[in-house]
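In the text below, chain A, chain B and the rest are named by the order of the sequence lines, each starting its count at 1. The figures here come from the full heavy-atom set of this structure, side chains too, leaving out hydrogens, waters and symmetry mates.
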Protein chains: 2
Amino acid sequence: MNSERNRVTISDVAKASGVSNSAVSYALNGKAGVSSDTRQQVLAVAQRMGWRPNSAAKALSDAATHSVGMILTYAMSVLSVESYTTELMAGLTAELERKGYSLLIRSSSSHEYELTVLQEWIASGAVDAVLVLNVELNDPRISLLQSQHRIPALALCNPMFSQGLPSLSSNESDAAHLIIDYLHELGHTRIARVAGPERLGHTFIRDNAFMEEAAALGLQYSCLHADYSPEDGLRCTKRLLSLPHAPTAIVYDNDVMALSALKASNDMGIAVPEALSIVSWDDSFMCEVSVPSITALNRNVVGTGRLAAQLILQLIEGKDVDSVSETDNELVFRESSGPVHK
Amino acid sequence: MNSERNRVTISDVAKASGVSNSAVSYALNGKAGVSSDTRQQVLAVAQRMGWRPNSAAKALSDAATHSVGMILTYAMSVLSVESYTTELMAGLTAELERKGYSLLIRSSSSHEYELTVLQEWIASGAVDAVLVLNVELNDPRISLLQSQHRIPALALCNPMFSQGLPSLSSNESDAAHLIIDYLHELGHTRIARVAGPERLGHTFIRDNAFMEEAAALGLQYSCLHADYSPEDGLRCTKRLLSLPHAPTAIVYDNDVMALSALKASNDMGIAVPEALSIVSWDDSFMCEVSVPSITALNRNVVGTGRLAAQLILQLIEGKDVDSVSETDNELVFRESSGPVHK
DNA sequence: TTGTAGGCGTTATCAG
DNA sequence: CTGATAACGCCTACAA
């Protein structure tokens, strides 16, 4: 199976330099054990021959692959529409790059299969660490990762779901308060929310925060759970707007659903923001450019990716990492929201 | 540096089964050389002990990493808005998954750095193959990959730019004809196009196709080149619409710019589609849900990703792969385009 | 300061 | 059919 071409190895460099194998290794790794002259000599030769360490050999020797694993487990239909993942990856890869790490991606169509991949990674050492996305309540991935100590893992979720695993979360309840207080100040008394899947950890947090704050302010609050897809967003919106006492403001857990809400209200002849205020939990280009533009929570997902990468690199170095919470929520006011007209 | 935990190796299994090292290897790999009894025995023990092949060792031995490399080299601002990359990755990873391959991602902020990463991959054997995106005219990446034979590569571009490297392209000129003929039938005589960066290979192809077809039909055709960003889309649209003989139809090379065109025409009080028809080269959720919805070319990017993965896997197997061209272009008619009003 | 030897975990060769 | 043994390329004691 070994039909490889002329790859330059350390032995080749050693031979060409007329020194031993280990001398070359020391020289190339900047370690003591060789004279300055020899080192210069070896470096020059290695450079000339175009030597680079073979990644597999290095991985075997170091027991480290210099890659971080991540599994994409979205339904195809939702994935193609998600900007969150792209932005996260941009931040992740940019930061990992600085230390010469790569992101190793696998995709999976089911949760069971994702567990299989994780188990394989744990057993095979294919990655040095793992990032877990979209954590659910009693997520078996968390249990699995928490029960082993071969591969460190960072969970992108509230620490209450990470079972002691280091986690990075955005302050969802802070954001919820920000949004609901804003709507309250505008005079809305009947508000609704089209949330993400109920089993998701961050949906749980948001649900709680919304219910609490709504109750505290004496608001009428109703919530439907959807799957983040435009179709589901449309369906939920129409259902809410058909209620006898329809809400005057609806909050959407992602931008895609918020956008289809615009379509829905347009279809039903309901004016935005005069008769209905719309707020999206995710900001994106789509919110900016839609007509009307959509008031949205800005979350700097790229920054989250960068931070996640930093934490993961610390974990790989063996450092202890506490659960971190980001609180850079900011509401961007646009045309889709306004005071209640009665 | 070897502070690893109790990973189960083949030797462990051998010891536990009371057979030799190689017997275990044969048994586990389903190869001849062991009795059926021994094989069953070994498999049972391996299963019980949770043995999985160590990926680094396997990579070293096989000289194959079972991963395919891809470099993201978008400007951050554009990347976060691109749905193309996400969809492509969805198709890629889904198909690679079936053969147990992973996608190895690195990101780069400059073309020079991307070359460095490629060189590193070639020399280190960190990936079994490479996918090259966004090929430009006289792209140094193509030259680099074409000048070596260690790592096969697939270029996502028209074969005229791949210098003999296997390539996968969508039939851009077919698509151009589709769009321009459609607009011609609607009675448009002054059409414009806001294209992608001029140095990109597929922009070149589209430019040529558009110029040819416009000339053939006797249409007035003008073209501005932008960077795919909403800002640039806005700028170019306003510039075109301010011309003395403004176009009555504008084609945009991506969905993002088409959407900002909607904003631009709205700002300038130009009715779509009555006074201006808009067509987007990329279809996406945004085109569906915008008001008005945008006529767009549907390209099945996920399918392209799948096909690319299949071709790459063939290359890895050592098969010859011809340049492939996809022709599944389909124009989805929506509200943003219509007959000329005079 | 240098070179030799052994290990990382696997697969493949070649005797028995 | 089995079991040593070498090889993959790198790192690192350890000995010279």
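Counting distance only, with no hydrogens placed and no angle test, the side-chain atoms of A/T38 and the base atoms of C/dT1 include no donor-acceptor pair under 3.5 Å. Counting atom types as modelled, B/Y26 pairs a side-chain N or O with a base atom of C/dT13 as donor and acceptor under 3.5 Å.
In this structure, B/S22 and B/A57 both approach DNA chain D, and ranking their closest nucleotides by distance from the 5' end singles out B/S22.
The CD1-C1' distance, from B/I10 to C/dG7, rounds to 16 Å in whole Å. As a whole-Å value, the separation of A/D12 CG from D/dA7 P is 15 Å. Straight-line distance from the CG atom of B/N21 to the C1' atom of D/dA4: 10 Å, rounded to whole Å. In this entry the distance linking CG of B/L28 with P of C/dA12 reads 13 Å, nearest Å. Atom-to-atom, NZ of A/K31 to C1' of C/dT2 comes out at 17 Å; the value is rounded to the nearest Å. Rounded to whole angstrom, the span from the CG atom of B/D62 across to the C1' atom of D/dG9 amounts to 14 Å. The NZ-C1' distance, from A/K58 to C/dC8, rounds to 13 Å in whole Å. Per the geometry, CG belonging to B/N54 stands 13 Å off C1' belonging to D/dC8, to the nearest Å.
Note that the CG atom of B/L115 and the CG atom of B/D139 stand 7.5 Å from one another [nearest 0.5 Å]. Note that CZ of A/R39 and NZ of A/K31 are 11.0 Å apart. Values are rounded to the nearest 0.5 Å. From B/L144, atom CG reaches atom CD of B/Q119 across 5.0 Å, with rounding to the nearest 0.5 Å. Atom CG of residue B/L168 and atom CG of residue B/L307 lie 5.0 Å apart, to the nearest 0.5 angstrom.
Residue A/S20 places at least one side-chain N or O under 4.0 Å from the OP1 or OP2 atom of C/dG3.
Among the nucleotides C/dG3, D/dC11, C/dT10, the one closest to any side-chain atom of A/V19 is C/dG3. If you check D/dC10, C/dT11, C/dG9 against the side chain of B/N29, the one that comes closest is C/dT11. The side chain of A/S25 approaches D/dT12 more closely than any other nucleotide in the set D/dT12, D/dG9, D/dG3. The side chain of A/V34 sits closest to C/dT2 out of C/dT2, C/dG9, D/dC11.
If you check every strand for non-hydrogen atoms under 4.0 Å, A/R52 touches sugar and phosphate atoms only.
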Check step by step if side chain to side chain contact (heavy atoms under 4.5 Å, CB included) holds for B/V127 and B/I151. CA-CA 8 Å; B/V127 296; B/I151 294 182; 4.1 Å; yes
